[in-house]
Visitor: 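One structure is given below, represented as structure tokens, and several questions about it will come after.
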Amino acid sequence: MRREASIMHLDLDAAFASIEQRDKPSLRGRPVVVGGIAGRGVVATASYEARTYGVRSAMPMAEARRRLPAGAAYLVPRFEAYKRTSHVVMDLLREVSPLVEPVSIDEAFVDLAAGGHDCAVPAVTELARGIKARIAAATGGVTGSVGIGSSKLVAKIASDLDKPDGLTVVGPGRELDTLHPLPVTKLWGVGPATAERLRQAGIRTIGDLAARELVDLLAWFGQAHGTGLHRLARADDDRPVVPERDTKSVSAEETFSTDVADRTVLGRELDQLADRVATRLRAAGLSGRTVTVKARYFDFTTITRSATREQPTDEPRTITEAARRLLADIDVTNGLRLLGVGVSALSEFAQDGLFPVIGTAEPDPPPPSRPAPEQPPPPPPGTDWRTGQDIRHDDHGPGWVWGAGLGRVTVRFEGPLTPPGPVRTFKADDPALHRADPPNWI
DNA sequence: TCTGGGGTCCTAGGACCC
DNA sequence: TCTGGGGTCCTAGGACCC
């Protein structure tokens, strides 16, 4: 815990749903649910209109449909669109401080002290107001809620106190007053299982938890979780803001619409999952030694089987063969609800001798040439966005450069599909400047 | 109401080595 | 011949997060 409120947490409000409402004006003001549309799907994000009907994240989609009136929209996620908005926001935050830790596509911590800001409460409050306004402008109206405090814990809890479009600053010395009345479930790391054990011990609020001895928590929850809870309940949190983390595993899984017992079908699924994992490993320049197969039964019990190789691999064939051997040891007579493949024990480069040793590689050949688009070259970094140039776009109609920097171009589109025009960010040389998102209407 | 998909971290037991 | 303790790696499962 720091002496100043210098850690900020930003959480975009119902990000997936509000991006959909931004891009599709007909959805504005209506309940919008983004998530798995099929039988076994769940809600990823519900718009605030949908939340008034009690629809929440992680709720089965079937239940959401039951609760919502006619006229509600059910959409499959368009992750590429969300990532573009996420990049716009993260780039903005990096202008505030070099220490930005994206937690997910719609959430980040920012170390304001590392950005050289005055971290007195009035100053950070003003700073946050400005950041919120810039985010809303740059994203075409997607809002975020901000919390600022002396630790990650306090900042995160603060951002949740006033949603949507909120701003809460917890001044130094106010941490315990803020935390202690809240239910323990607000603490990072307290899920359903921990909450139930705490409830049995008569612990409902974070204040109740702070009143308990460490030995009790150690006995109930073990070393790591016990000490973690003990400290967090006292607002004792010195975790730094870490901009980048190494990837530890890459996996793909699929829940079937009905359980599958046919080993031929499962084998084909396994091949596809292994392919997806291998593709993503290669894109990230990673390979791994441990292959894991995950299976879930009708009753939701889940098992894993893993095998560790001598050498790391990113070869689809190698991963598939290892996965098939593991699947052979799994009982599928009553069918599987879910099948998954993962690779872990990662290292940075493939060791299979399929690639030149680092350092002796030929330079990459130039990318295949594309038909030259009718497009002026993107402005150099630093160009004033107000003077932006026109950029033609196949599907969204004309757009103009809204901002540029760090090899990225932000474009605001105006067209029949999206008046008054969303803002999107592209890499300066991104051919997606001429590609539309696939439609996701259901 | 019947539970997605992508991750992270922790625990516990067994094998193996010194 | 019997027995120790520590360290590391691997496997499996579980809780949790967004």
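Worth knowing before you read on, the calculation uses all heavy atoms, side chains too, and leaves out hydrogens, waters and symmetry mates. Proteins come first, then strands; the chains are lettered A, B, ... in the order of their sequence lines, and each starts at number 1.
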Visitor: Charged N to carboxylate O under 4.0 angstrom, A:R305 versus A:D329?
Guide: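 Salt bridge: no.
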Visitor: Please classify the nucleic acid contact of A:L273 as base, sugar-phosphate, or nothing, using heavy-atom distances under 4.0 Å.
Guide: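 Contact class for A:L273: none.
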Visitor: With the threshold set at under 4.0 Å for non-hydrogen atoms, list the residues of residues 192-206 of chain A touching DNA chain B in residue-number order.
Guide: none
Visitor: Using modelled atom types and a 3.5 Å cut-off, is there a donor and acceptor pairing between side-chain atoms of A:S47 and backbone atoms of A:V32?
Guide: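 Yes, A:S47 side chain to A:V32 backbone: donor-acceptor pair under 3.5 Å.
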Visitor: Would you find a donor on one side and an acceptor on the other, under 3.5 Å apart, between the side chain of A:S145 and the backbone of A:G166?
Guide: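 Answer holds: yes.
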Visitor: What distance, rounded to whole Å, do you find between the two P atoms, one in C:dC17 and one in B:dT1?
Guide: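 Here C:dC17 and B:dT1 have their P atoms 26 Å from each other.
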Visitor: Strictly distance-based, threshold 3.5 Å: is any side-chain N or O of A:H230 a donor or acceptor partner for the main-chain N or O of A:L209?
Guide: no
Visitor: For DNA chain B, determine which residues of residues 291-300 of chain A have any heavy atom closer than 4.0 angstrom to one of its atoms, and list them numerically.
Guide: A:R296, A:F300
Visitor: Indicate, with a heavy-atom threshold strictly under 4.0 Å, whether A:R245 touches base, sugar-phosphate, or nothing.
Guide: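 No contact at all - A:R245 keeps every heavy atom at 4.0 Å or more from the nucleic acid.
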Visitor: Need to verify one output field. Residue with the more 5' nearest nucleotide on DNA chain B, A:G41 or A:K248?
Guide: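 Nearer the 5' end of the strand: A:G41.
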Visitor: Looking at A:E49, is its backbone amide N or carbonyl O close enough to the side chain of A:Y53 to form a donor-acceptor pair, meaning the two atoms are under 3.5 Å apart?
Guide: no
Visitor: Would you indicate what A:I105 reaches in the nucleic acid, counting non-hydrogen atoms under 4.0 angstrom: base, sugar-phosphate, or nothing?
Guide: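 Result for A:I105 = nothing.
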Visitor: Taking only Lys NZ, Arg NE, NH1 and NH2, and the carboxylate oxygens of Asp or Glu, determine whether A:E80 and A:R84 approach each other closer than 4.0 Å.
Guide: no
Visitor: What's A:G36 touching, base or sugar-phosphate or nothing? Going by heavy atoms closer than 4.0 Å.
Guide: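 Counting heavy atoms under 4.0 Å across all strands, no contact is made by A:G36.
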Visitor: Quick check: does any side chain N or O of A:T313 sit under 3.5 Å from a backbone N or O of A:T318, one acting as donor and the other as acceptor?
Guide: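 Not at all, since once roles are kept as given, no pair shorter than 3.5 Å links the two residues.
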Visitor: Taking A:S6 for the side chain and A:L112 for the main chain, is one N or O donor matched with an acceptor at less than 3.5 Å?
Guide: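 Pair absent, no side-chain N/O of A:S6 close to backbone of A:L112.
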Visitor: Determine the contact category for A:E253: base if any of its heavy atoms lies under 4.0 Å from a base atom, sugar-phosphate if only primed atoms, P, OP1 or OP2 are that close, otherwise nothing.
Guide: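 Base: the residue A:E253, judged by heavy atoms under 4.0 Å, touches a nucleobase.
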Visitor: Walk me through it: do A:D238 and A:R2 pass the test salt bridge (Lys or Arg N to Asp or Glu O under 4.0 Å)?
Guide: CA-CA 8 Å; A:D238 54 9; A:R2 305 176 175 188; over 6 Å; no
Visitor: What nucleic acid atoms does A:R289 come within less than 4.0 Å of, heavy atoms only: base, sugar-phosphate, or nothing?
Guide: sugar-phosphate
Visitor: Which is true for A:A44 with a 4.0 Å heavy-atom rule: it touches a base, it touches only sugar-phosphate, or it touches nothing?
Guide: nothing
Visitor: Could you check whether the rings of A:Y82 and A:F16 sit parallel, tilted or perpendicular, using 30° and 60° as the cut-offs?
Guide: parallel
Visitor: Using heavy atoms and a sub-4.0 Å distance, could you list which residues of residues 222-230 of chain A are near DNA chain B? By number, please.
Guide: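 Of all residues in residues 222-230 of chain A, the ones placing a heavy atom under 4.0 Å from DNA chain B are A:Q223, A:A224.
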Visitor: For A:T258, is there any backbone N or O sitting under 3.5 Å from a side-chain donor or acceptor partner on A:R337?
Guide: no
Visitor: Regarding A:V43, tell me which of base, sugar-phosphate or nothing describes its non-hydrogen contacts under 4.0 Å with the strands shown.
Guide: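 No contact at all - A:V43 keeps every heavy atom at 4.0 Å or more from the nucleic acid.
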Visitor: Taking 5' to 3' order, which nucleotide of DNA chain B is first and which is last to have an atom within less than 4.0 Å of a heavy atom in chain A?
Guide: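 Range of nucleotides within reach of chain A: B:dT1 to B:dT11.
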Visitor: Please check if the side chain of A:K132 supplies one atom and the backbone of A:G144 the other of a donor-acceptor pair under 3.5 Å.
Guide: yes
Visitor: Reading DNA chain B 5' to 3', how would its secondary structure be written in dot-bracket notation, given Watson-Crick and G-U pairs with both distances under 3.5 Å, brackets [ ] for crossing pairs and | for partners on other strands?
Guide: ....||||||||||||||
Visitor: I'd like to know if the side chain of A:R324 and the backbone of A:G267 have a donor-acceptor N/O pair within less than 3.5 Å.
Guide: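 Checking the backbone N and O of A:G267 against the side chain of A:R324, a donor-acceptor pair under 3.5 Å is found.
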Visitor: Looking at A:V241, is its backbone amide N or carbonyl O close enough to the side chain of A:D111 to form a donor-acceptor pair, meaning the two atoms are under 3.5 Å apart?
Guide: no
Visitor: How would you label the contact of A:R280 with the nucleic acid (heavy atoms, under 4.0 Å): base, sugar-phosphate, or nothing?
Guide: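 Counting heavy atoms under 4.0 Å across all strands, the contact made by A:R280 is with sugar-phosphate only.
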Visitor: Just to be sure I understand the rule, does A:A307 reach a base, reach only the sugar-phosphate, or reach nothing, if contact means heavy atoms closer than 4.0 Å?
Guide: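 If one applies the 4.0 Å heavy-atom cut-off, A:A307 turns out to touch the sugar-phosphate alone, with no base involved.
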Visitor: Considering non-hydrogen atoms only, spot the tightest contact between A:R197 and A:W220 and give its length.
Guide: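 Minimum heavy-atom separation between A:R197 and A:W220: NH1-O, 2.9 Å.
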Visitor: Please report the shortest heavy-atom distance between A:P183 and A:I206, naming the atom on each side.
Guide: O-CG1, 3.8 Å
Visitor: Who pairs with A:Q200 by side-chain contact (heavy atoms from CB on, under 4.5 Å), at least two apart in sequence or on another chain?
Guide: A:E196
